[in-house]
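This report concerns only the one structure given below.
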Amino acid sequence: MGRQKVTIAELHRKKQNREKITMITAYDYPTARLVDEVGIDTILVGDSLGMVVLGYDSTVPVTMEEMLHHCKAVSRGAKYGFIIGDMPFMSYQSSIHKAIENAGRFIKEAACDCVKLEGGSEMAHVVEAIVNAGIPVCAHIGLTPQTATKLSGFKVQGKDADSAKELIQSARDLESAGAFMIVMECIPDLLAARITNELSIPTIGIGAGKGCDGQVLVYHDLVDLFERFTPKFVKQYINLSPMIKEALAQYKKEVEEGIFPGAEHSFTMSAEEAKKI
Ligand code: KIV
């Protein structure tokens with residue numbers, strides 16, 4: 001049997017069999033193709049694109065139109081990975097009607113397979129409503145960047161017993177509301193493992209230790225294309241920024257010195273035709 005598109009059933013099977021789930025962000029067609037080619041299970045078109053691609057200071061300004069534009073490009077590039085469209089700030093908080101309508105746009109217009117939204121127990125009713133409308137939802141708890149100001153900054157969450165218990169309850173409520181998977185960002189590894197063991201849906205960690213069912217990283221962090229800062233939980237597998245800068249500097253030099261383009265990059269015409277010009 002040839003390669004199949006990843007499904008929710010396959011992600012759940014992996015959890016049951018203790019096979020790790022892989023997730024990475026992608027925001028454009030060429031990256032989606034690369035990610036798909038190496039067989040990553042799930043592709044998150046994260047609102048992190050606001051920072052790493054669009055140059056905003058946070059994810060807060062990201063709009064539905066920006067998200068859909070990038071989701072469409074990723075959908076065109078990825079045939080097999082399960083595509084997650086990240087609902088931007090204020091696209092699901094103000095009313096259930098708006099939340100369902102916007103979630104539907106990710107599926108209908110951008111060919112995503114599901115949506116992701118941030119928040120704990122307080123968002124369970126929104127998750128339930130979107131799921132009831134027929135759209136799978138991936139939840140996101142812990143450090144939720146859209147509401148980082150409310151959390152007093154980009155900090156590890158659930159470090160004391162009370163806040164840890166709240167996160168455990170959030171995970172339970174989101175599972176009961178119908179979320180098929182849950183991202184846990186920046187929480188202690190012991191807490192993440194505890195939640196992972198308790199839930200029957202897969203957990204995906206970012207800064208949440210080894211005990212999760214899978215891991216996610218932001219593509220631009222993993223390949224070192226985002227130079228503003230690097231969170232502690234990031235492992236850079238390649239340092240592309242210096243390599244790209246070196247190539248660009250070489251191009252500039254060769255153009256300035258008349259080395260590029262060479263004959264091999266130029267087109268010719270016959271001497272006879274040239275004479276007629
Ligand atoms: O937007 C994003 O990329 C995310 C991940 C950090 C999980 O939400």
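Start at 1 and go down the list; that is how both ligands and their atoms are numbered.
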| field | Identified side-chain contact (heavy atoms from CB on, under 4.5 Å) partner of Met181 from the options Ile204, Leu199, Thr203 | value | Ile204
| request: Classify the side-chain pair Asp173/Ser121 by whether it contains a donor and acceptor separated by less than 3.5 Å. | output: yes
| field | Modelled atom types, side-chain donor and acceptor of Arg13 and Gln16, under 3.5 Å | value | no
| task | Would you please classify the geometry between the Tyr27 ring and the His220 ring as parallel, tilted or perpendicular, with 30° and 60° separating the classes? | result | tilted
| For ligand 1, the residues whose heavy atoms come within less than 4.0 Å (ordered by chain, then number) | Thr25, Leu44, Gly46, Asp47, Ser48, Asp86, Lys116, His140, Val183, Glu185, Ile206, Val218
| request: May I ask you to say whether Asp28 pairs ionically with Arg33, meaning some side-chain N is under 4.0 Å from a carboxylate O? | output: no
| message | If you compare all heavy atoms of Ile21 against all heavy atoms of Leu11, which two are closest, and at what distance to 0.1 Å? | response | CD1-O, 3.5 Å
